[in-house]
Amino acid sequence: MDNISFDLDKKPLREVNQLLHGDAAGLNGKSFTIENPNGAHSIAVGLKSDVHVTIKGHAGYYAAGMNQIAKVTIEGSAGSGVAENMMSGVVHVKGFASNAAGATANGGLLIIDGDAGLRCAIALKGADIVVGGSVGSFSAFMAQAGNFVILGDAGEGLGDSIYEAKIFVRGKVKSLGADCEVKTMDAESKKILTDLLAKSGHVDVKPESFTQYGSARTLYHFHVDNAGAY
Amino acid sequence: MSDNSYKTPQTTARYSATFDEYTMSEIRRAAATGIYDIRGGGAKRKLPHFDDLLFLGASVSRYPLEGYREKCGTDVVLGTRYAKKPIYLKTVITIAGMSFGALSGPAKEALGRGATAVGTSTTTGDGGMTPEERGQSKTLVYQYLPSRYGMNPDDLRKADAIEVVIGQGAKPGGGGMLLGQKISARVAKMRCLPEGIDQRSSCRHPDWTGPDDLEIKINEIREITDWEKPIYVKIGATRPYFDVALAVKAGADVVVLDGMQGGTAATQEVFIEHVGLPILAAIRPAVKALQDLGVYRNGKDSVQLIVSGGIRNGADVAKAIALGADAVAIGTAALIALGDNDPHLEAEYNKLGTTAGAYDDWHEGKDPAGITTQDPELMQRVDPVKAGHRLANYIAVMTMEAQVVARACGKSHLHNLEPEDLVALTIEASAMAQVPLAGTSWIPGVTQF
């Protein structure tokens, strides 16, 4: 597999992103390494071909934003909105992720080895997210679809106003948000969890050690009796 | 002597101005249901508006242009500041963002057809871009909203411009709302929601907070689209000077400023009528912000201003431009041109407990005109070709009306209209629009009486 290296100390990010947006036929199967990212924002955003991009260090906001097909590995920590609105592919953060990781992501897999900040998986729309550590408050707010696995703890208001997304937490949950409740893990959900643990490098972790959360579906329609929940 | 036939006169029945008929009906409705009133449209109360302004035509001191013979330009270029591919429109009148979901598919198609016929743009809304809309719209602005319903990078790349929506005039500070009657299977799928639920949209973007983050967000969108497309920032009129300044600082190519007369698909009545500014009060502070930052009509560095909220005719267009806007957007007026609230449907409006011209329960999805509905039978009432033709006619008329006024003021392009061409009929309008009270040189807050 070809590997092309870019040094952001020497090459503007604009040129790197432009190249990574090139014709898929010419890019598919290629690997790219980005040296000296130094927290730059919008690294490897809008990718849409079968490439593997490795960011050798810390990334700023929106790394791998709106990713399609590509695999992006961040060998460091990521700023706000990593893999936001991802459609497909894999984004792997080997360090920590800041706020709104995987926000509104529609598809693909986001793996965060460390902790994630506030509002992780906010408005999740179908992607899978696995966090090796803990997540901050208000995570999975209004999460619509997809699966969200947390090996550590969750902060306040987990799953507030959640729709049909599934949340699996191994540690403690400080508090649940409105309309989020504990669910009994059925066979289908257990399989989803088992597969995601395997895909994210946590093969030794038992799915039975997780508690599943989801929507109580009491806020799906406006009603005066729910006024206190809003 | 007493007059036994004399009776003490009674006063006539007198209604309270405070507790008027509508107010009392709302109290009764609230008492019966326990939930606030939801409706579509914009502010219905009487507000200071463009009707409170008049143009000073040319006379001895100004030289008019000949109608029908001497050219009066109406075109506008949007997105010159950073975009590689700015948008060129033949008329300054654009179509505001309205969603598929709030509107039926045929209505959205009609908007695209009408806008394309007269060389202007139309805009998506909450819920994403449909193939019909993209296919029928030569120039399509793609809204990037807090909910991100239907948001995907392929559509982002298909768009001609991208509008980051912070707020709208009908409900600045509020999120969207689409009730279950309109969450059809197709709408639900596009928004990734369970069918038939009462959808709540976020009022804040999920992955950024504040103007510094907005700058980074805009930069991300530019990177994804290779800096080709103009980026608009849409705000509801509240603190126009500061909000416009911050949008410019964040890197907007175009600022869209929406007054409280601007419509919404659905929100609380109290929100529509009591939050935000009428557009008349917002334009001059917005222009001042652009001027102070050196981006007002300053060649390639310019940030264009689009204003909306109650634009109805060519005079409104000309007045908005004279106050400093580069373009305007219409929403409610465009729906009326398509056939919304048309008197020929009076019997059907009556069945819904309302009357043609007052129907605003757009959220219920029962629109007899087939426009604000997802009902498969009702929506067939919209013929996209005929409705699009009506919209094109209407925009053409408004454009010509604006030209009539501009020529009378001696202007060879609509953009040459200026505040000095205007006077105000009321002290309020004078203060808000910062033009003199008619017959005086007084501008409250600016000059001495």
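Because the structure is predicted, anything quoted here is derived from the model rather than measured. Quick note on labels: first sequence line is chain A, next is B, and so on, each numbered from 1.
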J.: Answer with side chain, backbone, both or neither: which region of N99(A) has an atom nearer than 4.5 Å to a non-hydrogen atom of chain B?
T.: neither
J.: Look at I38(B), N152(B), I221(B), I224(B) and state which one has the largest set of heavy-atom pairs under 4.5 Å with chain A.
T.: I224(B)
J.: Counting only N and O atoms by type, is there a donor-acceptor contact under 3.5 Å from the side chain of Q144(A) to the main-chain atoms of C192(B)?
T.: yes
J.: Which answer fits P153(B), side chain, backbone, both or neither, if we ask what part of it has an atom under 4.5 Å from a heavy atom of chain A?
T.: both
J.: Should the heavy atoms of other residues, nucleotides or ligands under 6.0 Å from NZ of K189(B) be counted, would the total exceed 12?
T.: no
J.: Can you name the nearest heavy-atom pair linking P206(B) to A100(A), along with the distance?
T.: O-CB, 3.5 Å
J.: Please tell me whether N219(B) and H41(A) have a donor and an acceptor in their side chains that are separated by less than 3.5 angstrom.
T.: no
J.: Determine the option with the most heavy-atom pairs under 4.5 angstrom with chain B, choosing from L47(A), N67(A), V45(A).
T.: V45(A)
J.: At a heavy-atom separation under 4.5 Å, does Q18(A) approach chain B through its side chain, its backbone, both, or neither?
T.: both
J.: Look at atom NZ of K183(A) and say whether more than 12 heavy atoms of other residues, nucleotides or ligands are closer to it than 6.0 Å.
T.: yes
J.: Is there any residue in residues 111-129 of chain A with a non-hydrogen atom under 4.5 Å from a non-hydrogen atom of chain B, and which ones are they?
T.: R119(A), I122(A), K125(A)
J.: Indicate yes or no: does D154(B) engage K48(A) in a salt bridge with an N to O separation below 4.0 Å.
T.: no
J.: Are more than 12 heavy atoms, taken from residues, nucleotides or ligands other than K85(B), located less than 6.0 Å from that residue's NZ atom?
T.: no
J.: Check each atom of Y62(A) against the heavy atoms of chain B and say whether the ones under 4.5 Å are side chain, backbone, both or neither.
T.: both
J.: In terms of heavy-atom proximity below 4.5 Å to chain A, should R157(B) be classed as side chain, backbone, both, or neither?
T.: side chain
J.: Checking M66(A) against chain B: side chain, backbone, both or neither under 4.5 Å from a heavy atom?
T.: both
J.: Okay, side chain of Y220(A), backbone of Q199(B): is any donor-acceptor separation there less than 3.5 Å?
T.: no
J.: Between N85(A) and M151(B) (side chain of the first, backbone of the second, donor and acceptor by atom type, cut-off under 3.5 Å), is there such a pair?
T.: yes
J.: Give, for atom CG of N17(A) and atom CZ of R222(B), the distance between the pair rounded to the nearest 0.5 Å.
T.: 14.5 Å
J.: In this structure, are over 12 heavy atoms from other groups packed under 6.0 Å from R204(B) atom CZ?
T.: no
J.: Side chains of Y61(A) and D213(B) only: does a donor on one sit below 3.5 Å from an acceptor on the other?
T.: yes
J.: Nearest 0.5 Å, what's the NZ-OG distance between K217(B) and S80(A)?
T.: 10.0 Å
J.: Under the 3.5 angstrom rule, does the side chain of E223(B) hit a backbone N or O of A44(A) as a donor-acceptor pair?
T.: no
J.: In this structure, are over 12 heavy atoms from other groups packed under 6.0 Å from K44(B) atom NZ?
T.: yes
J.: Between D226(B), T225(B), D207(B), which residue shows the highest count of heavy-atom pairs closer than 4.5 Å to chain A?
T.: D226(B)
